[in-house]
Number of protein chains: 2
Amino acid sequence: MARKRTVPQHPFSGTGEQEELHIPLDRDRIVRTALRVLNEFGLKELSMRKIADELQVKTASLYYHVKDKEQLLQLIGDKISEEMDRPDPDLSWQEQLIQWGHAFRRVLHRYRDAVDLFNGGIAMGYHRLLQIERLYQIFASAGFADGHIPWMASMVKNHVLGFVAEEVRLKGMAGSGEEAQAQLSEEYARFFRSLPSEQFPNMIRLASHTTDTGWQEEFEFGLDVLMDGFRQRLTD
Amino acid sequence: MARKRTVPQHPFSGTGEQEELHIPLDRDRIVRTALRVLNEFGLKELSMRKIADELQVKTASLYYHVKDKEQLLQLIGDKISEEMDRPDPDLSWQEQLIQWGHAFRRVLHRYRDAVDLFNGGIAMGYHRLLQIERLYQIFASAGFADGHIPWMASMVKNHVLGFVAEEVRLKGMAGSGEEAQAQLSEEYARFFRSLPSEQFPNMIRLASHTTDTGWQEEFEFGLDVLMDGFRQRLTD
DNA sequence: ACCTGAACACCGTTCAAGT
DNA sequence: ACCTGAACACCGTTCAAGT
């Protein structure tokens, strides 16, 4: 309970967290606040006005520190990728790739709607570039051809992004919880089986597999497929 | 009054298309108009109000035929996938997969921001499901294991979506035209080389490869990698 | 059944003005 | 240098009312 000089504070502020007043706004504070708002409300409801409110500041003030919402979104995306763990360079390229994939997936799960953030717009932030650099590094020291490296890196990145997009979408349709998950799975299977059997024979036959949510297994299956494909481009 | 369903068919329906008659609204007309607006203005500026204006109708009228914008977007996505060519079932599964990939890529290029449309939201429209069914069909008749088929189909779909997303983004940054394309490439290469060489050794070394826009070649490289990976899951 | 007027509750962004 | 008041030009959606 620190004493403030200018603004009256309710005596019972509860948490022992010291809140300094008059902290001047800056980019980083805006980005961190935006990240909190994102996790609470989701990307669709992340508005400049909400962020400003949260900062106890007028909306227009944000525009002194940030060009526009698009730029703020970029900064958020960069902040998120900053949290990616780096692969252990002593492992084989396959194991490093798997680590990279898991690190990316983890971070995409840590923030609400992070996938959509990464899917929209061009990525030029420092930390996002750094993650790509790491991918390049893995492929380069494995001995892949220079001309193939950016292509393969894109594929790995796109695979994780696409996979998590689907994962989040499907998981998000049920409330969280194992229970709701299984129930949704059942609902889905019923939906697939209700399709006209003339046009959708395979969907119907594979309904149980389609809705079987072995996410971890599917994710690693994908990485394995990619790595097998890559391996054949290694000029032995 | 009772001329609701009357088609304005003048015997001399000449070249001019000045049918200012009151054609009743319906879903399909809304979707087709939305598609035109999309191609002219892009997804970010595709508003219910603009679509209504284009149809010479008040905005609120749209909501009689369509639940909300989200649903309209789904319908647009489904309309787009309706235009995908179907692979020739007499070819090998590899060739069919390549055809499917190219067909999807073509259709994603035919409409502005189609990628973002496909990336957002869950896909349950008839024609989108039909495209997945076709993928399943290809894998099934190639003899892949049931449990792997939906996973591989997802990978192919995600690869095309992710690839075209990047393609469109980069192409979109320059104005169209070979000239501007090459110029952007140069600009990019300069940017990459301007990075701190300590942190980005590979990016810098690979700058020319990264910005070398052999889209067609890269696209097929990706499909080949996937197919090589898939092939190894074929239980011979 | 189909369409509209009018409102509601929001947006992002700008800019002269204040401190 | 930093922040705000006030406006501008938009949004999607609802719903009683009209035909």
Side-chain angles (χ1 to χ4, degrees), chain A residues 4-7 19-38 40-77 112-113 116-117 120-121, chain B residues 1-8 19-38 40-77 112-113 116-117 120-121:
Chain A
K4 324 304 185 302
R5 304 152 66 217
T6 35
V7 178
E19 49 239 286
E20 304 134 64
L21 293 197
H22 290 159
I23 313 172
L25 225 41
D26 63 59
R27 248 181 206 204
D28 198 58
R29 224 153 71 79
I30 292 174
V31 170
R32 274 167 18 228
T33 305
L35 226 27
R36 283 204 335 265
V37 176
L38 177 67
E40 187 169 359
F41 296 95
L43 187 57
K44 293 213 55 178
E45 293 179 56
L46 175 73
S47 69
M48 300 301 272
R49 285 166 147 93
K50 253 189 202 123
I51 297 166
D53 281 356
E54 190 80 7
L55 284 161
Q56 309 205 74
V57 130
K58 297 299 159 192
T59 310
S61 311
L62 300 178
Y63 288 86
Y64 183 81
H65 301 275
V66 139
K67 186 174 152 290
D68 53 18
K69 195 185 182 183
E70 181 55 35
Q71 185 187 59
L72 179 51
L73 257 21
Q74 292 284 351
L75 294 170
I76 295 174
R112 178 128 75 124
D113 296 333
D116 309 79
L117 211 58
Chain B
M1 352 180 61
R3 68 177 165 117
K4 301 171 69 169
R5 277 290 170 191
T6 20
V7 186
E19 36 199 302
E20 302 169 18
L21 280 176
H22 171 247
I23 310 170
L25 223 42
D26 63 60
R27 246 184 207 199
D28 198 57
R29 223 154 72 78
I30 293 175
V31 171
R32 273 164 22 227
T33 305
L35 227 26
R36 285 205 334 264
V37 176
L38 177 67
E40 187 170 358
F41 295 96
L43 188 58
K44 292 212 57 178
E45 293 179 55
L46 175 74
S47 69
M48 300 301 271
R49 285 167 147 92
K50 254 189 200 121
I51 297 166
D53 281 357
E54 191 80 8
L55 285 161
Q56 309 206 76
V57 128
K58 297 300 159 191
T59 310
S61 312
L62 300 179
Y63 288 86
Y64 184 80
H65 302 275
V66 138
K67 185 173 152 290
D68 54 17
K69 195 185 182 183
E70 182 55 34
Q71 185 187 58
L72 178 51
L73 257 21
Q74 291 284 350
L75 294 170
I76 294 174
R112 176 123 81 121
D113 296 333
D116 309 80
L117 210 58

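Numbered from 1 within each chain, the chains take letters A, B, ... in sequence-line order.
- A donor-acceptor pair under 3.5 Å links the side-chain atoms of R29(B) to the main chain of I23(B), judged by distance alone.
- The nucleotide dA6(C) finds its pairing partner in dT14(D), both defining distances of the Watson-Crick or G-U wobble pair being shorter than 3.5 Å.
- We find that NZ of K50(B) is positioned 8 Å from P of dC10(D), with the value rounded to whole Å.
- A donor-acceptor pair under 3.5 Å links the side-chain atoms of R112(B) to the main chain of E40(B), judged by distance alone.
- Atom CD1 of residue I30(A) and atom CG of residue L75(A) lie 9.0 Å apart, to the nearest 0.5 angstrom.
- Going from atom CG of L62(A) over to atom P of dC11(C) covers 13 Å, rounded to whole Å.
- Rounding to the nearest 0.5 angstrom, the gap separating the CD atom in E54(A) from the OG1 atom in T33(A) is 6.5 Å.
- Distance R27(B) CZ to dC2(C) P: 13 Å, rounded to the nearest Å.
- A distance of about 22 Å separates the P atoms of dA9(C) and dC10(D), rounded to the whole Å.
- The phosphate of dC2(D) (OP1 or OP2) has a side-chain N or O of Y64(A) nearer than 4.0 angstrom.
- Remark: C1' of dC2(C) and CZ of R29(B) are 13 Å apart, rounded to the nearest angstrom.
- Nucleic acid contact class of S61(B) (heavy atoms, under 4.0 Å, all strands): base.
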